[in-house]
Amino acid sequence: MINKSVRVVLIAAAVALSGACTSNGSSSTNAAAVLPRTQVTVESATGAHRFDVEVARSAAEQANGLMYRTNIPENGGMLFAPYPAGGGAPRVASFWMKNTPSPLDILFIRPDGTVATLAENTIPFSEAPVSSREPVSAVLELRGGRAAELGIAEGDTVRWKDAVK
């Protein structure tokens with residue numbers, strides 16, 4: 001038989017764990033679904049900068065993005081390609097930071113591979129829209145501050161290989 005104080009601790013632990021789920025039942029911890037990865041290179045005035053990123057292709061993967069992540073590697077991130085999910089004509093992208101505790105640099109990429117818009121150090125948990133301001137065909141999210149550290153700017157060229165599992 002479990003004594004009352006142990007039972008209270010177990011109930012508290014169960015409540016805490018149940019709070020770590022979103023309304024759709026996915027975990028809000030740093031554990032993420034296994035997504036394919038790819039190498040991304042950003043060619044800037046300061047040189048070629050390489051990143052090893054996850055690739056979000058489906059609408060669900062793109063909707064989740066880097067939400068709940070607190071451990072984004074220095075040269076990690078997420079590529080949304082194609083954008084919009086499933087392909088189609090480029091369109092104006094609008095992202096937000098709801099449920100995203102880490103600041104991000106968001107690079108909105110034109111069909112020709114150049115950075116159309118760069119949103120630096122977006123505000124964690126903000127619901128304010130972050131817009132590409134023009135039609136784009138891909139989006140790259142990096143750890144907040146990396147673009148400034150590396151001298152990445154609008155107009156730079158972004159390339160990537162096909163994603164691998």
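Because the structure is predicted, anything quoted here is derived from the model rather than measured.
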Engineer: Atom CE in Met78, atom CG in Leu35: separation rounded to 0.5 Å?
Structural biologist: 5.0 Å
Engineer: Please report the C-alpha distance between Ser44 and His49 in whole Å, then the side-chain angles of each, then the deciding distance to 0.1 Å, and finally whether the side chain to side chain donor-acceptor pair (under 3.5 Å) criterion is met.
Structural biologist: CA-CA 8 Å; Ser44 75; His49 309 287; 3.0 Å; yes
Engineer: Rounded to the nearest 0.5 Å, what separation is found between the CZ atom of Arg37 and the CG atom of Leu79?
Structural biologist: 11.5 Å
Engineer: Side-chain heavy atoms under 4.5 angstrom apart, residues restricted to Ile, Leu, Val, Met, Phe, Trp, Tyr: same cluster for Val158 and Phe51?
Structural biologist: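 Yes, Val158 and Phe51 fall within the same hydrophobic cluster.
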Engineer: Do the non-hydrogen side-chain atoms of Tyr83 and Val136 ever get within less than 4.5 Å of each other?
Structural biologist: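 They are in contact (side-chain heavy atoms under 4.5 Å apart), so the answer is yes.
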Engineer: For Leu150, is there any backbone N or O sitting under 3.5 Å from a side-chain donor or acceptor partner on Thr46?
Structural biologist: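 Confirmed, Thr46 side chain pairs with Leu150 backbone.
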Engineer: Taking only residues at least two apart or on different chains, which pairs with a member in residues 124-139 satisfy side chain to side chain donor-acceptor pair (under 3.5 Å)?
Structural biologist: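 Found Arg110-Glu134.
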Engineer: Looking at Pro103 and Asn121, what are the two nearest heavy atoms and their distance?
Structural biologist: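 Minimum heavy-atom separation between Pro103 and Asn121: CB-OD1, 3.9 Å.
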Engineer: Ignoring hydrogens and angles, tell me if any N or O in the side chain of Glu154 forms a donor-acceptor pair with the backbone of Leu118 under 3.5 Å.
Structural biologist: yes
Engineer: When you compare the side chain of Thr41 with that of Trp160, does any pair of heavy atoms fall below 4.5 Å?
Structural biologist: no
Engineer: How would you list, by chain and number, every residue that makes a side chain to side chain contact (heavy atoms under 4.5 Å, CB included) with Thr122, sequence neighbours excluded?
Structural biologist: Met97, Leu104, Ile106, Ala119, Val130
Engineer: Do you know which two heavy atoms are closest between Pro135 and Pro111, and how far apart they sit?
Structural biologist: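 Here Pro135 and Pro111 meet closest at O-CD, 4.4 Å.
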Engineer: So, for Ala85 and Ser58, which heavy atoms are closest and what is the spacing to 0.1 Å?
Structural biologist: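 Residues Ala85 and Ser58, closest heavy atoms: CB-C, 3.5 Å.
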Engineer: Would Ile152 and Ile109 show up in the same hydrophobic cluster when neighbours are defined by side-chain heavy atoms closer than 4.5 Å?
Structural biologist: yes
Engineer: Measuring from Ser102:OG to Leu142:CG, what's the distance to the nearest 0.5 Å?
Structural biologist: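 Answer rounded to 0.5 Å: 13.0 Å.
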Engineer: Work out which heavy atom in Gly65 is nearest to a heavy atom in Phe80; give both atom names and the distance.
Structural biologist: CA-CZ, 3.8 Å
Engineer: Return the orientation label for the Phe95 and Phe108 ring planes: parallel under 30°, perpendicular over 60°, tilted otherwise.
Structural biologist: perpendicular
Engineer: Quick one: does Asp105's side chain have a donor or acceptor within less than 3.5 Å of a partner on Gly145's backbone?
Structural biologist: yes
Engineer: Indicate yes or no for a side-chain donor-acceptor contact from Asn64 to the backbone of Glu61 under 3.5 Å, with no hydrogens or angles considered.
Structural biologist: no
Engineer: Checking the side chain of Thr114 only, and the main-chain atoms of Thr157 only, is there a donor and an acceptor separated by less than 3.5 Å?
Structural biologist: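 Here the side-chain-to-backbone pair does not exist.
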Engineer: Rounded to the nearest 0.5 Å, what separation is found between the OH atom of Tyr68 and the OG1 atom of Thr100?
Structural biologist: 8.0 Å
Engineer: What's the spacing between Glu54 CD and Ile72 CD1 if we round to 0.5 Å?
Structural biologist: 9.5 Å
Engineer: Heavy atoms, side chains only, cut-off 4.5 Å: are Asn75 and Asp52 in contact?
Structural biologist: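 In short, these two side chains do not touch, never coming nearer than 4.5 Å.
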Engineer: Side chain to side chain contact (heavy atoms under 4.5 Å, CB included) with Glu74: which residues, sequence neighbours excluded?
Structural biologist: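 Per chain and number, Glu74 pairs via side chain to side chain contact (heavy atoms under 4.5 Å, CB included) with Arg143, Arg146.
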Engineer: Are Glu43 and Arg50 within salt-bridge range, i.e. N to O under 4.0 Å?
Structural biologist: no
